[in-house]
Amino acid sequence: MVFILLGPPGVGKGTQASQLIDSFGGEHISTGDLLREACRNQTGLGLKAQKYMNDGDLVPDSLILDLIRDHLGSIDPKAKILFDGFPRTIPQADGLDDVLLNVSRRVDKVVLFEAPEHELIKRLSGRRSCANCGTIFNVYFSPPKIEDECERCGEVLVHRSDDNPDTVRHRLRVYQSQTAQLVEHYSSHSAVLKRVSAMHSVDEVQSAFRAAIGMD
Ligand code: AP5
């Protein structure tokens, strides 16, 4: 099975993917996480991607598709896959179809998470993440027991540099201008798109997510 988690910055894609993956038993592929790792390790990709990410712009499609091809080459070709934050443009969606076709696979479901902009801005301004294990917290909705400390591994929590108010507003505009068209793309190309309201608790959204992909 190949699932895509689609939705604006801060809607909860990473949170929902992490919660599902324990029981799903597949691969959670977040292009944002892979890019941040490349930036931390100062790889060739990281050095090219850093400025786009700092500015809240999309990293060029060619770099993203190379990253995806490399990553898919390193995992079990039959693994169940949850794509989080990919694809983000029509060329990326087309590129993904080609890559999957080569291994006789296809996108099974696209889940669109939805929430109003004021909620996205609050979620992103309150987000704190563990750079070590990736666990996501929120100072408003799900604070860690000890301030700025990861409950899972004890590392210091960070506020992502692209979660500052100006960059968040830019990322939301980029989503509307370059990514939102994927909703139409997936609605018209196949009957795979499911909508899930993200305006509920994490557990309630998880239940709706599972129902949308037939895992309830
Ligand atoms: P990426 O890391 O993918 O960022 P994003 O899509 O902007 O998504 P976020 O990670 O900000 O949000 P999310 O939906 O995962 O929310 P989360 O679960 O954390 O990309 C970063 C950058 O990398 C891009 O700007 C671009 O430069 C580049 N990039 C990445 N992929 C690319 C691609 N394919 N093409 C080109 N460039 C690419 O939740 C947010 C907060 O809300 C958390 O604090 C969480 O605790 C809280 N929360 C979650 N759910 C709930 C709930 N139900 N109620 C209350 N709080 C909640």
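We count ligands from 1, going down the list as the structure has it; atoms in each ligand are counted the same way.
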Trainee: Any salt bridge linking R171 with D163? Criterion: basic side-chain nitrogen under 4.0 Å from a carboxylate oxygen.
Mentor: yes
Trainee: To check your reading of the model: name the closest protein heavy atom to atom 16 (O) of ligand 1, its residue, and the distance in Å.
Mentor: G12 N, 3.2 Å
Trainee: Can you name the nearest heavy-atom pair linking S18 to H28, along with the distance?
Mentor: OG-CE1, 4.1 Å
Trainee: May I ask you to list the atoms of ligand 1 that are less than 4.0 angstrom from any heavy atom of G14?
Mentor: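 Counting from 1, the qualifying ligand atoms are 13 (P), 15 (O), 18 (O).
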Trainee: For D57 and ligand 1, does the shortest N/O to N/O distance drop below 3.5 Å?
Mentor: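 For ligand 1, there is an N or O atom that lies under 3.5 Å from one belonging to D57.
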Trainee: Provide the closest heavy-atom pair for S125 versus Y140 in the form atom of the first, atom of the second, distance.
Mentor: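 Heavy-atom minimum between the residues: OG-CE1, 3.6 Å.
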Trainee: Using the rule side-chain contact (heavy atoms from CB on, under 4.5 Å), only one of D84, V192, I81, V107 pairs with I4; which is it?
Mentor: V107
Trainee: S23 and R210: which non-hydrogen atoms are nearest, and at how many Å?
Mentor: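 Closest pair (atom of S23, atom of R210, distance): OG-NH2, 2.7 Å.
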Trainee: Going by the closest heavy atom to atom 9 (P) of ligand 1, which one wins out of R127, R36, M53, Q206?
Mentor: R127
Trainee: Report the nearest protein non-hydrogen atom to atom 35 (N) of ligand 1: residue, atom name, distance rounded to 0.1 Å.
Mentor: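 Looking only at protein heavy atoms, the one closest to atom 35 (N) of ligand 1 is Q92 NE2, 2.9 Å.
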Trainee: As a quick check of understanding, evaluate salt bridge (charged side-chain N to carboxylate O under 4.0 Å, His left out) for K78 and D76, giving each step before the final call.
Mentor: CA-CA 5 Å; K78 292 189 182 131; D76 174 357; over 6 Å; no
Trainee: Give me the one residue out of D55, D162, N164, D57 that meets side chain to side chain donor-acceptor pair (under 3.5 Å) with H170.
Mentor: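 Exactly one pass, corresponding to D57.
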Trainee: Only heavy atoms of L124, strictly under 4.0 Å: list the atoms of ligand 1 that pass.
Mentor: 11 (O)
Trainee: Just to be sure I read this right, does ligand 1 sit under 4.0 Å from the backbone of Q16, its side chain, both, or neither, counting only heavy atoms?
Mentor: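 For Q16, no heavy atom sits under 4.0 Å from ligand 1.
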Trainee: Before signing off on this row, confirm whether V59 and ligand 1 have an N or O atom pair separated by under 3.5 Å.
Mentor: yes
Trainee: For atom 1 (P) of ligand 1, which candidate among R171, R88, K13 provides the closest heavy atom?
Mentor: R88
Trainee: Test F86 against L65 for side chain to side chain contact (heavy atoms under 4.5 Å, CB included), laying out the working first.
Mentor: CA-CA 10 Å; F86 171 84; L65 286 168; 4.1 Å; yes
Trainee: Look at atom 31 (N) of ligand 1 and say which protein heavy atom is nearest, naming residue and atom and giving the distance to 0.1 Å.
Mentor: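 Nearest protein contact, heavy atoms only, for atom 31 (N) of ligand 1 is T31 OG1, 2.8 Å.
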Trainee: So, is G56 polar-close to ligand 1, with some N/O to N/O distance under 3.5 Å?
Mentor: no
Trainee: Checking side-chain contact (heavy atoms from CB on, under 4.5 Å) against P9, which of T167, L172, I121 comes through?
Mentor: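 Answer to the side-chain contact (heavy atoms from CB on, under 4.5 Å) test with P9 among T167, L172, I121: L172.
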Trainee: Can a side-chain donor-acceptor contact be found between S30 and R36 if the only test is distance below 3.5 angstrom?
Mentor: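 No.
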Trainee: Please report which non-hydrogen protein atom sits nearest to atom 4 (O) of ligand 1, along with the residue it belongs to and the distance in Å to one decimal place.
Mentor: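 Here the closest protein heavy atom is R160 NH2, 3.4 Å.
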Trainee: Where does A49 meet ligand 1, judged by heavy-atom distances below 4.0 Å: at the side chain, the backbone, both, or neither?
Mentor: neither
Trainee: Which bit of T15 gets closer than 4.0 Å to ligand 1, counting heavy atoms only: side chain, backbone, both or neither?
Mentor: both
Trainee: With a 4.0 Å cut-off on heavy atoms, is G10 touching ligand 1?
Mentor: yes
Trainee: Which ligand 1 atoms are under 4.0 Å away from a heavy-atom of H200?
Mentor: 52 (C), 53 (N), 54 (N)
Trainee: What atoms of ligand 1 come closer than 4.0 angstrom to any heavy atom of L35?
Mentor: 23 (O), 28 (C), 29 (N), 30 (C), 38 (C)
Trainee: So is G7 touching ligand 1 or not, going by heavy atoms under 4.0 Å?
Mentor: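 For ligand 1, residue contact (heavy atoms, under 4.0 Å) with G7 is absent.
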Trainee: Is it the case that over 12 heavy atoms from other parts of the model lie below 6.0 angstrom from the CZ atom of F141?
Mentor: yes
Trainee: Which label fits F24 and F3: parallel for a plane angle under 30°, tilted from 30 to 60°, or perpendicular past 60°?
Mentor: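 Taking F3 first and then F24, their aromatic rings sit tilted (interplane angle of 30° to 60°).
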Trainee: Considering only non-hydrogen protein atoms, determine which one is nearest to atom 42 (O) of ligand 1 and report residue, atom name and distance to 0.1 Å.
Mentor: R123 CB, 3.3 Å
Trainee: At a 4.0 Å threshold, what atoms of ligand 1 neighbour a non-hydrogen atom of N138?
Mentor: 41 (C), 42 (O), 43 (C), 44 (O), 46 (O), 47 (C)
Trainee: Which ligand 1 atoms are under 4.0 Å away from a heavy-atom of S201?
Mentor: 53 (N)
Trainee: Return the minimal non-hydrogen interatomic distance between T179 and L6, and the atom names on each side.
Mentor: CG2-CD1, 3.9 Å
Trainee: State the atoms of ligand 1, each with its element, that fall below the 4.0 Å cut-off from a heavy-atom position in F137.
Mentor: 43 (C), 44 (O), 46 (O)
Trainee: Is the shortest distance from a Lys or Arg side-chain nitrogen in K80 or E27 to a carboxylate oxygen in the other one below 4.0 Å?
Mentor: no
Trainee: Please check: side-chain N/O of K122 versus main-chain N/O of E117, any donor-acceptor pairing under 3.5 Å?
Mentor: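 Checked: no pair found.
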Trainee: Among all protein heavy atoms, pick the one closest to atom 56 (N) of ligand 1 and tell me residue, atom and distance.
Mentor: F141 CD1, 3.4 Å
Trainee: Which atoms of ligand 1 sit under 4.0 Å from any heavy atom of G85?
Mentor: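 This gives 31 (N), 32 (C), 33 (C), 34 (N) as the contact atoms.
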Trainee: Tell me: protein heavy atom nearest atom 43 (C) of ligand 1, and distance?
Mentor: I136 CG2, 3.4 Å
